[in-house]
Amino acid sequence: MEKFFYVARNNLGEKVQGTIDAAGQDEALGQLQAKELIVLSVVVTAKDSPHEFNAAAATKMPFKVKHYGISNDDLVLFCRQLATLLGAGVTILKSLDIIALQVSSHKLQNVIKDTQRDMEAGLSLHEAMGKHPAVFSDLWVNLVESGEASGNLAMVLGRLAVYLERVAAFKKKVISALIYPAILFVAGTGALLFLTVKIIPTFAELFKGFNVKMPPLTQALIIISIFLRKFGVAIFILIIVGGFLLRRALQTKTGRLALEQIEFRLPVFGEFFRSLVVERFSSEMSTLVESGVPLLYSLDISEHSVSNLTMAGIIRTIKEEVREGKPLNRSIEASGFFEPLVIQMVAIGEEIGELSQMFKKINTFYQEYIETFLGRFTTMFEPFMLIFFGLVIGVMVIGMFLPIFQIAQVGGG
């Protein structure tokens, strides 16, 4: 066990310091966080030095900034800490000051300090956040505005933190499910290129010394190998240029809309892409409506925050119809984009006054569907790719050994 000196702030924002016994720094942090302290610094005390020396060192050594960019985890932690401090009665400015001392992102630290200065100059929190659209999305700004207007900012931020944590966890599941198929595909493609560019030319040079006619399969493999070795660099450059031009095209509205239409019409995967869009929409709507944001305002925020242009257009149409007095479920049904399940659950939510809970149930359903789809896809993808690459490599090996069999027959004869 070691003795650690810590500097922290309690729920009232007051600085506290002292010593704690723990097996390591992580354990010390865990003990302090269990006491609902916001840790500013933890350093091990020297065995033969007084605590005062370490206290001074600790006070001057807050947690170092670990990275420059702002990750989703940084935003989740910031939102959760701000909600906790405001819920404990700490003022907004003091809360921002406390969080700025321990945030691990240099860029987010600067944004928080800018937000503090803007608020000191007379801006509200949502107005100050709105000056940093690259960090705080429309969803952030409008939820904070709703919380400020209703006087329930801590509660709204708590719901926003739950939403961000749910989205982050879901993204990690999706990415984790796709990593293995991607690795398998890259490894298989690399093996094929190695055989084609390195191994086949070696066999081709060997066969030149024998007066044997090459089988058609061997000839085809040698031609492919020669072509790749001769034009491989040009093909690679064309792929890079083509990818760059495609990316530029997809940055335009026309290009993105065309790609989305192709995605939605794909066999098997079309429903998957549609589910991804509906999952995001239902997740945002449940958070907005539950936080007290009016329905039309919630639809407007969702329209501007959704990344899919097709969905943004559908939401815009739904919003206009709702503004004219049409029920939400009828507008959703008229769009032709949503499944009957969504329409029925929204209708029930409107009828019983629990629209946010219905959107939450819809979101849970689509998350489970997407996770199941990805699980089945990865389960089927692995044997398919193994069989595919196995067959291709097998054909290449046979093509290279057929002339050897012919040479052996000629030699034996």
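Quick caveat, the model's predicted, so the values are computed rather than measured.
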- Please walk me through it: do K131 and D118 pass salt bridge (charged side-chain N to carboxylate O under 4.0 Å, His left out)? CA-CA 9 Å; K131 297 179 68 174; D118 290 334; 3.3 Å; yes
- Task: Would you sort out whether E303 and L299 count as a side chain to side chain contact (heavy atoms under 4.5 Å, CB included), showing the intermediate values?
- Result: CA-CA 6 Å; E303 176 194 343; L299 289 169; over 6 Å; no
- Query: Yes or no on side chain to side chain contact (heavy atoms under 4.5 Å, CB included) for N142 and D300, after CA distance, side-chain angles and deciding distance?
  - Reply: CA-CA 10 Å; N142 286 282; D300 186 63; over 6 Å; no
- Given side chain to side chain contact (heavy atoms under 4.5 Å, CB included), test M129 with M119 step by step and report yes or no. CA-CA 10 Å; M129 285 183 166; M119 291 189 69; over 6 Å; no
- Query: Under the ring-ring contact (aromatic ring centres under 6.0 Å, His included) criterion, do F272 and F373 qualify, and how do the steps go?
  - Reply: CA-CA 8 Å; F272 171 73; F373 180 91; 4.7 Å; yes
- Message: What verdict does the side chain to side chain contact (heavy atoms under 4.5 Å, CB included) test give for Y366 and F170, after you've listed the backbone C-alpha separation in whole Å, the side-chain angles of each residue and the deciding distance to 0.1 Å?
- Response: CA-CA 11 Å; Y366 277 99; F170 182 65; over 6 Å; no
- Using the salt bridge (charged side-chain N to carboxylate O under 4.0 Å, His left out) rule, take R117 and E120 through it: C-alpha gap first, then chi angles, then the decisive distance, then the call. CA-CA 5 Å; R117 285 191 289 269; E120 288 170 351; over 6 Å; no
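V135 has its side chain within reach of L75: a pair of non-hydrogen atoms, C-beta onward, lies under 4.5 Å apart. The shortest distance between side-chain heavy atoms of E350 and P327 falls below 4.5 Å. With a 4.5 Å cut-off on side-chain heavy atoms, H126 and L143 do not count as touching. By the 4.5 Å heavy-atom criterion applied to side chains, I343 and R330 are not counted as neighbours. Between P215 and P403 the shortest side-chain heavy-atom distance falls below 4.5 Å. In this structure the side chain of F281 never reaches within 4.5 angstrom of the side chain of N308, judged on heavy atoms. Within the 4.5 Å cutoff, the side chain of F203 has heavy atoms near those of the I404 side chain. At least one side-chain heavy atom of C79 sits less than 4.5 Å from a side-chain heavy atom of W140.
Here the CG-CG distance, from L355 to L288, works out to 11.0 Å after rounding to the nearest 0.5 Å. Within the model, atoms OG1 of T372 and CD of Q367 stand 11.5 Å from one another, a figure rounded to the nearest 0.5 Å. Atom CE of M155 and atom CG of L160 lie 12.5 Å apart (nearest 0.5 Å). Of the inter-residue distances, the one linking I92 atom CD1 with L82 atom CG reads 7.5 Å to the nearest 0.5 angstrom. Atoms OG1 and CG, from T115 and L108 in turn, are 8.5 Å apart once rounded to the nearest 0.5 Å. Between atom CD1 of residue I112 and atom CG of residue D97 there is a gap of 10.0 Å, rounded to the nearest 0.5 Å.
Between the side chain of T317 and the backbone N or O of G313 there is at least one donor-acceptor pair closer than 3.5 Å. Between the side chain of D74 and the backbone N or O of S71 there is at least one donor-acceptor pair closer than 3.5 Å. Remark: the backbone N or O of L125 is paired with a side-chain donor or acceptor of E148 at under 3.5 angstrom. Panel note: side chain Q109, backbone A100; a donor-acceptor pair is recorded below 3.5 Å. Remark: side-chain polar atoms of S105 are paired, donor with acceptor, to backbone N or O of G69 under 3.5 angstrom. For Q219 (side chain) and M214 (main-chain N/O), a donor-acceptor pair under 3.5 Å exists by modelled atom type. Between the side chain of T189 and the backbone N or O of V186 there is no donor-acceptor pair closer than 3.5 Å. When atom types are taken as modelled, the side chain of R265 and the backbone of G270 share no donor-acceptor pair closer than 3.5 angstrom.
Within 6.0 Å of atom CZ in R80, more than 12 heavy atoms from other residues, nucleotides or ligands are found, so the atom counts as buried in its surroundings. Atom CD of E351 sits in a sparse spot, with 12 or fewer heavy atoms from other residues, nucleotides or ligands closer than 6.0 Å. Under a cut-off of 6.0 angstrom, the local environment of NZ in K171 is sparse, with at most 12 non-hydrogen atoms contributed by other residues, nucleotides or ligands. Annotation: R229, atom CZ; neighbour count of heavy atoms from other residues, nucleotides and ligands within 6.0 Å does not exceed 12.
Tested against T310, the residues E260, R256, E263 include a single side-chain hydrogen bond (donor to acceptor under 3.5 Å, both in side chains) partner, E260.
Among all heavy-atom pairs drawn from L139 and I301, the shortest one is CA-CG2, 3.9 Å. Closest non-hydrogen pair, G399 versus L221, comes out as CA-CD1, 3.8 Å. Summarising the geometry of S286 relative to K360, their closest heavy-atom pair is CB-N, 3.7 Å, with the distance given to 0.1 Å. Smallest separation of non-hydrogen atoms from S298 and V293: OG-O, 3.2 Å. Taking all atoms of both residues into account, the shortest heavy-atom contact from I200 to S225 is CG2-CB, 3.8 Å. Heavy-atom minimum distance, F338 versus M311: CZ-CE, 3.2 Å.
Taking the six-membered ring for Trp, F381 and F185 have ring centres at least 6.0 Å apart. When ring centroids are compared, F269 and F377 come within the 6.0 Å threshold.
Classification of the F365-Y369 ring pair by plane angle, with boundaries at 30° and 60°, yields parallel.
No side-chain donor from either of S356 and E290 sits under 3.5 Å from a side-chain acceptor of the other. A side-chain N or O of E127 and one of S124 form a donor-acceptor pair less than 3.5 Å apart.
Contact check on E284 versus R280 returns a salt bridge, with a Lys/Arg side-chain nitrogen under 4.0 Å from an Asp/Glu carboxylate oxygen.
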